[in-house]
Structure formats: structure tokens, C-alpha cells
2 protein chains.
Amino acid sequence: MRVSLKDVAAHAGVSIKTVSNVVNNYQHVTPAMRERVQRSIDALGYRPNLAARHLRKGRTGIIALALPELGNPYFAELAAAVIDAAAAHDYIVLLDHTGGRREQEVLVSQGFRARVIDGLILSPIELEPEDLRDQAEVPLVLLGERDYALPYDHIAIDNVAAARAAVRHLIDLGRREIAFIGARRGRSEPAQLRVRGWREELTAAGLPADEGLVAATDGWGHADGADAMARILESGRQPDAVFAYNDPMAIGAMRVLHERGLKVPEDIAVVGFDDVVEGRFGAVTLTSVSPDKDAIGRLAVEAVLARLSGGGELPEPRRVWADYRLVQRESTLGRAAGERSAQG
Amino acid sequence: MRVSLKDVAAHAGVSIKTVSNVVNNYQHVTPAMRERVQRSIDALGYRPNLAARHLRKGRTGIIALALPELGNPYFAELAAAVIDAAAAHDYIVLLDHTGGRREQEVLVSQGFRARVIDGLILSPIELEPEDLRDQAEVPLVLLGERDYALPYDHIAIDNVAAARAAVRHLIDLGRREIAFIGARRGRSEPAQLRVRGWREELTAAGLPADEGLVAATDGWGHADGADAMARILESGRQPDAVFAYNDPMAIGAMRVLHERGLKVPEDIAVVGFDDVVEGRFGAVTLTSVSPDKDAIGRLAVEAVLARLSGGGELPEPRRVWADYRLVQRESTLGRAAGERSAQG
DNA sequence: GGGCGGCTGTATAACGTTGTAAATCGACGT
DNA sequence: ACGTCGATTTACAACGTTATACAGCCGCCC
């Protein structure tokens with residue numbers, strides 16, 4: 001068996017609690033005593049048993065992070081950011097993936113592992129507000145695009161503004177028929193902030209927001225983007241620009257354009273969202289909205305920890321905006337040049 | 001406070017242990033009693049406290065998975081496979097990323113969170129055998145490419161054979177100058193099984209294994225592949241094929257070829273490794289060695305659990321081979337056609 | 001010089017669960 | 001009817017930690 005406080009106490013000839021005090025850096029311990037106990041700790045190679053500590057303290061030191069899918073590099077990079085941010089506070093991260101399925105999201109949000117975790121960071125896709133009524137045995141922080149009016153902290157970039165910046169960029173290039181790829185099939189339209197940004201910016205520019213140029217999809221991967229692009233082209237339309245819900249979809253769309261002999265950006269300009277690494281190495285590099293993933297991860301962790309230490313009821317759930325930038329690359333080369341920045 | 005066994009026991013008018021017996025499906029409980037206790041459990045919404053259970057049982061129900069980086073989609077997909085496989089056994093996964101830095105890998109392998117986890121699945125990059133001497137407070141399973149002669153289970157595909165299959169494929173296409181991108185800089189060469197496969201197959205075909213066509217890199221991302229490709233071209237060599245350590249590097253390399261006006265596969269054929277989704281949607285889709293990630297994840301989890309239940313010393317650490325296939329796509333279109341399969 | 005108060009260190013009781021051993025119960029064979 | 005035996009249930013003691021309350025001890029003030 002491993003060495004416990006009791007063993008160390010016996011070895012040092014002091015009480016268990018004194019050892020505990022040394023381990024926890026309790027203030028009132030004589031330097032001499034601290035030294036003596038520490039020597040025993042080192043000699044025996046003692047390390048605290050977290051299960052016991054957590055049982056006693058009611059905290060586990062673990063935060064769960066529930067993401068739709070790890071295959072999407074945006075979420076993978078975000079996960080890395082959360083893990084690092086949590087590590088900075090001595091917290092560790094338990095990873096779940098929901099597949100973006102409502103059932104799984106509900107399960108996770110209801111804390112089906114509530115007894116193991118201190119808090120939950122959830123990036124929902126299909127989750128509906130009513131799924132979240134009065135639960136949360138642990139602090140819950142929401143990430144991402146949906147527009148929830150719920151008593152939980154919510155970390156996101158300003159998706160509407162970011163989408164408008166992307167569409168503005170395309171309009172500045174002189175594009176007039178701008179398709180949107182990746183509206184979520186079967187979900188209430190207004191929830192889709194990026195579609196709303198697309199619509200608002202077109203309208204503001206005096207252009208028609210032609211719903212025939214909006215392609216809904218079931219998923220958000222390369223293949224979904226490719227399907228959507230193909231559907232638009234087969235409908236007889238040929239837009240001069242495409243704004244995709246995310247980078248993998250944009251890249252899938254570009255593949256279809258390539259197959260049909262359409263040149264990017266000459267024939268069709270393409271803008272993605274998330275700025276994943278992959279977009280910087282295709283035959284045509286991809287212009288994209290680049291959310292500050294590190295900030296999002298950090299803010300999410302901090303929000304959880306604030307609730308945790310906040311002794312119960314913090315005044316008001318906060319909606320926190322992270323920064324984003326629009327990074328221009330080859331897929332929208334043209335008149336507009338360089339990188340544009342915007343602050344969230 | 002939350003409801004505990006004691007509360008349920010009081011509510012049902014029985015002893016704590018009886019409730020515990022019901023919860024744990026203990027054999028000798030009257031159906032009537034079981035029913036009655038269950039009703040109280042449901043009424044109070046009882047759920048076991050894992051910290052306490054684990055303190056008592058010495059198991060946490062958590063497996064740690066330590067990967068070099070989540071940004072690489074191969075590892076992200078592998079993580080998803082491990083999470084699913086663990087879930088099938090009621091285990092949950094704690095995710096770490098080491099950045100492939102030896103220091104971090106040593107830290108993880110030494111079980112710096114040993115008190116939280118029951119087992120560890122580690123995919124090492126820089127870790128050296130001597131770092132693993134006589135530790136393992138918990139079962140350790142190694143993943144991946146390195147060739148360890150150590151008393152730990154090791155799950156991998158046959159990297160040498162897989163690399164040979166890839167090179168064979170290029171040779172079958174008539175290619176004769178085949179570069180290798182992604183030898184690990186500063187590490188002992190023999191450890192690199194994929195380089196060895198490259199060398200062996202060339203030699204077997206009577207071709208020179210020209211070390212001038214091997215490019216070492218520090219990392220394994222798109223940018224590293226691009227750098228390596230650029231260095232080879234700038235050295236004055238122009239190979240007619242490239243075999244990359246992984247897909248991101250292959251894609252980075254293709255980007256450089258594209259920039260220099262070299263056509264894939266006409267001028268240079270390219271083969272990657274890992275078969276990540278991204279490779280299927282570039283302007284030129286990527287031929288790649290496709291490891292069976294689900295199998296690897298499943299086998300790794302099963303190996304950990306076997307040690308865990310194996311009452312201590314299982315006879316011998318096992319090296320388990322997972323399957324792989326070579327999937328041909330546009331980047332090697334030519335004489336050879338279709339998909340080739342190999343069994344690991 | 002007696003008492004006060006600030007430092008140190010200690011004994012003890014939890015936290016919620018499960019393993020062990022013992023108590024209870026009913027039925028059965030003699 | 002009584003002892004026995006197996007099936008069921010219970011009491012109690014852990015698991016390793018920290019919070020609480022308290023016991024010494026010292027110096028210091030009046």
C-alpha cells in the first residue's frame with residue numbers, strides 16, 4: 001500500500017494533522033517543524049490521495065469539457081486551450097464528446113457524472129433552452145454560437161458581428177451573390193447567428209438576402225460542405241462568393257469547386273470560420289474568421305472557477321465576448337488586401 | 001447537501017448497507033426489499049458519490065490518455081476512439097497533451113496524477129526507454145510508433161510493414177527517387193520505424209536508400225512538412241515521389257509543390273500516413289496509410305483494464321498489432337489502381 | 001505575579017462508501 | 001419441538017484526508 005499521512009506522521013513523530021498542515025502550507029507551523037516533517041515526506045515519498053481529499057473537501061479538481069466532436073480541429077484546438085487554462089489553476093480536464101446530439105447534450109448537462117466533476121463547460125449544438133431548466137448541480141458554462149437567454153455564463157465571440165465582417169469583406173471585393181453554407185437543418189433559423197450576420201450585412205449593403213443561396217446541412221464536416229456546395233451549383237445558381245459556417249465546410253466546398261473547374265477566388269471567393277491550421281496549407285489558402293481560442297478557453301475556465309469559489313450565488317450570469325479577427329488569404333485575394341482586424 | 005446512502009436508508013427504514021447492496025446489485029436481496037429501496041432511491045434522486053466509492057475501493061474509474069497534441073487530427077480521432085471504448089466499460093477519460101516534449105512525457109508517465117487515475121495510455125514521442133524504468137504505479141499502455149523493449153503493453157500498427165507498403169506502392173508507380181519527410185531531428189535514427197520501412201523497401205527493390213532524400217524536422221505539423229519539402233527542393237534534388245511521416249506534413253509538402261508549380265502526382269507523387277479526413281478534400285486528395293484507429297483505441301483500453309483486473313502480474317506484456325490499409329487517392333494516381341489492403 | 005492573548009500542535013470527528021463479521025429470520029430434518 | 005443451516009439484513013470498522021475545538025506554551029501588560 002502507498003504511504004499516507006499516518007505513515008509520515010509516525011516517521012516524523014508528530015500528529016497526522018501537523019503533517020496535513022505542512023502539506024497544505026498552513027500558516028502557523030514552525031520552520032523547524034516544517035523542515036522536519038518535509039524531510040519525512042521526502043524520505044517516504046508521500047503524495048496526497050486525491051480521492052480522500054476530495055471526499056473531505058467536496059471538490060474533485062476536475063472540470064468536464066463537453067464538445068460536439070474532436071475530429072473538427074477547431075474543437076481540438078479549443079480543447080487544448082481549455083486543458084492548458086485549467087492546468088494553470090491546478091485543475092484537470094475530463095473530455096466528453098456529444099456528437100452534437102441533443103440526447104447526449106442533455107445527458108451531459110444534467111451532470112450524469114456530476115459526482116466526479118466540479119464544473120462543466122459545454123459547447124452545445126442541438127441543445128434547447130428548455131433542456132437546461134433548473135438543473136446544474138455544478139457550475140455550467142456554455143460555449144459557442146447559440147443565443148441562450150439562460151441563467152448560465154456564456155463565452156463566445158460576437159458571431160453576428162464576425163459574420164457581418166466576413167460578408168462585408170466579400171462585398172468589398174465586389175461580390176454580389178454570396179451564398180451561405182451550413183445553416184443547421186431542422187433547427188429554428190433565428191438561432192443561427194452566423195446566418196443572421198450574413199443576412200444583416202447583405203441587407204445593410206442594399207443587396208438581397210436570397211434564401212435560395214442558403215444551404216442547410218446535417219453536419220459540419222468537409223463532406224457536408226461539399227454536399228452543400230454541390231447542391232447550390234446543381235440548383236442552377238452560381239454565386240460569386242461563399243461564406244461557410246466553418247473551415248472544414250469551406251474546404252469541402254472548395255474541393256467541389258475545384259472538381260467542377262471553378263477557380264477560387266477568381267470565379268468564386270470563399271470565406272470560412274474558425275481559422276484552423278488546415279486552411280493555411282491547401283492549394284488555395286483560406287480566408288477565415290479567427291476566434292481567439294486561447295481566450296475562449298481561458299475565460300471559460302475562469303468562469304467556472306469564479307462560480308466555484310463565489311460561495312454560491314454570484315450576482316448575474318455573464319455573457320463574455322472573446323476577440324476575433326478576419327484573416328485574409330488566397331481564397332479572397334482581390335482588391336481588398338492585407339489583414340483586417342476587429343475587436344469583439 | 002446532496003442525498004447519501006444514509007438519507008435513502010432513513011427514508012426506506014432500512015440499514016445503510018442494505019441500500020448499498022441494492023445499488024451494487026448484491027445477490028442476496030429479497031425482490032420485495034429491492035423494490036422498496038429502489039423506490040426510495042428514485043424518490044430522493046440518490047446518486048452514488050464517486051469520491052467516496054473510490055476512496056473505499058481504491059479505483060477511480062478514470063483512465064488518463066496522454067497524447068502529443070490534439071491539433072493533429074489523427075490524435076483527435078484517436079482520442080474519440082479511446083473515449084468511446086472506455087465508455088463501453090464505464091470508464092471515463094482524462095485527457096492530457098504532452099506537446100511531445102520529453103519532460104512532459106516523463107511527468108505524465110511517472111503518474112503525477114497517479115492518485116486520480118486507474119491507468120494510463122501514453123503516446124510518446126521523445127520519451128526514452130530509460131525514462132520508464134521501474135515506475136508505473138498504475139498500468140501503463142504505450143501507443144504508437146516507437147520500438148520499446150519494455151515491460152509494458154504496446155499497441156501499434158506494424159509501422160515498418162506499413163511504411164514498406166507505402167514505398168512499394170510508389171515503386172509500383174514507377175517512381176525511383178523517393179524522399180522521406182519527417183525523420184525526427186536529434187533522435188536516434190533506428191527508432192524511426194517508418195524511415196526504416198522506407199529504407200528496407202528501397203533496398204529490397206534494388207534502389208539506393210539515399211539519405212540525402214531524408215528530411216528531418218522538429219515537429220509534425222503542416223508547416224514542418226512544408227519546410228522539409230522546401231529544403232529538399234532547395235538542395236537541388238527533385239525526387240519523383242515523397243513519403244511523409246504523416247498526413248499534415250504531406251499536405252504541407254503538397255502546398256510547397258503547388259507554390260513551385262510542380263504537379264502532384266504527375267511530377268511528384270505523395271503518400272501520407274494516418275488517413276485524416278483533411279486528406280480527402282484537398283485540391284489533390286491524398287493517398288495515405290490508414291491505421292484502424294477504432295481498433296487501436298479499443299485495444300488500448302482493453303489492455304489497461306486487463307491489467308487492472310488481472311490481480312497484479314499478468315504473464316507477459318503484450319505487443320498488439322492493429323490493422324492498417326493503404327488507401328490510394330489522387331496524389332498517387334497512375335498505373336497502380338484501386339485500394340490495396342494489408343493486415344497487421 | 002497573575003492573567004490575557006497569540007502562536008503551535010494535537011485529538012477527534014466527520015466526509016460517503018463498502019468489506020467483514022455477526023445477528024436475525026424462516027424453514028427443514030429428526 | 002429443537003438444533004441446524006442457508007438466506008437476508010445489520011452493525012461496525014475501515015479508506016485518507018481536513019475542520020473543529022481544544023490544550024500547551026510563550027511573552028507581555030498592568
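Order of the sequence lines fixes the chain letters, A, B, ..., with proteins taken first and strands second; residue numbering starts at 1 for each chain.
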- Separation of atom CD1 in A:Ile16 from atom P in C:dA11, rounded to whole Å: 9 Å
- Expressed in angstrom and rounded to an integer, what is the separation of A:Leu55 atom CG from C:dT17 atom P? 9 Å
- Query: Between D:dT17, D:dA7, C:dT8, which one does the side chain of A:His28 approach most closely?
  - Reply: C:dT8
- Query: Quick one: B:Leu44 CG to C:dG16 P, roughly how many Å, whole number?
  - Reply: 14 Å
- Message: Rounded at 0.5 Å granularity, tell me how far CD1 in A:Ile92 sits from CD1 in B:Ile62.
- Response: 7.0 Å
- Query: Under 4.0 Å between a side-chain N/O of B:Arg53 and OP1 or OP2 of C:dT18, yes or no?
  - Reply: yes
- How many Å lie between OH on A:Tyr46 and C1' on D:dT18, as a whole number? 11 Å
- Message: It should be established whether A:Ser4 places a side-chain nitrogen or oxygen under 4.0 Å from OP1 or OP2 of nucleotide D:dG16.
- Response: no
- Item | Distance in angstrom units between A:Gln27 CD and C:dC7 P, rounded | 9 Å
- Message: Using whole Å, what does the distance between atom P of nucleotide C:dT12 and atom CG of A:Leu5 come to?
- Response: 17 Å
- Query: Can you find a side chain N or O atom of A:Ser20 that sits less than 4.0 Å from OP1 or OP2 on D:dT18?
  - Reply: yes
- Task: Give A:Thr30 one of three labels, base, sugar-phosphate or nothing, depending on what nucleic acid heavy atoms sit under 4.0 Å from its own.
- Result: sugar-phosphate
- Message: Can you give me the closest heavy-atom contact between B:Val8 and B:Tyr46, atom names plus distance?
- Response: CG2-CB, 3.6 Å
- Message: If we ignore hydrogens and angles and just use 3.5 Å, is the side chain of B:Asp153 paired with the main-chain N or O of B:Arg318 as donor and acceptor?
- Response: yes
- With a non-hydrogen cut-off below 4.0 angstrom, is A:Asn24 in contact with a base, only sugar-phosphate, or nothing? sugar-phosphate
- Message: By nearest atom, which of the nucleotides C:dT10, C:dT17, D:dT18 is closest to the A:Lys57 side chain?
- Response: D:dT18
- Nearest nucleotide by nearest heavy atom, which residue falls closer to the 5' end of DNA chain D, A:Lys6 or A:Val23? A:Lys6
- Describe the nucleic acid contact of A:Val29 in one word from base, sugar-phosphate, nothing, applying a heavy-atom distance below 4.0 Å. sugar-phosphate
- Message: Can you tell me whether the side chain of A:Arg56 and the base of D:dT17 have a donor-acceptor pair closer than 3.5 Å?
- Response: no
- Query: Of the candidate nucleotides D:dG16, D:dT9, C:dT10, which contains the atom at the shortest distance from the side chain of A:Asn49?
  - Reply: D:dG16
- Is the phosphate of C:dT10, meaning OP1 or OP2, less than 4.0 Å from a side-chain N or O of A:Thr18? yes
- To the nearest 0.5 angstrom, please state how far the OG atom of A:Ser123 sits from the NE2 atom of A:His97. 14.0 Å
- Message: Taking the six-membered ring for Trp, are B:Tyr152 and B:His154 closer than 6.0 Å centroid to centroid?
- Response: no
- Message: Ignoring hydrogens and geometry beyond distance, is the side chain of B:Lys17 in donor-acceptor contact with the base of C:dG19 at under 3.5 Å?
- Response: yes
- Tell me what B:Val14 touches on the nucleic acid: a base, only sugar-phosphate, or nothing, going by heavy atoms under 4.0 Å. sugar-phosphate
- Item | Separation of atom OH in A:Tyr26 from atom P in C:dT8, rounded to whole Å | 9 Å
- dist B:Thr18:OG1 -> B:Met33:CE (nearest 0.5 Å) comes out at 5.5 Å
- Note on the structure: Atom CG of A:Asn21 and atom P of C:dA11 are separated, to the nearest Å, by 13 Å
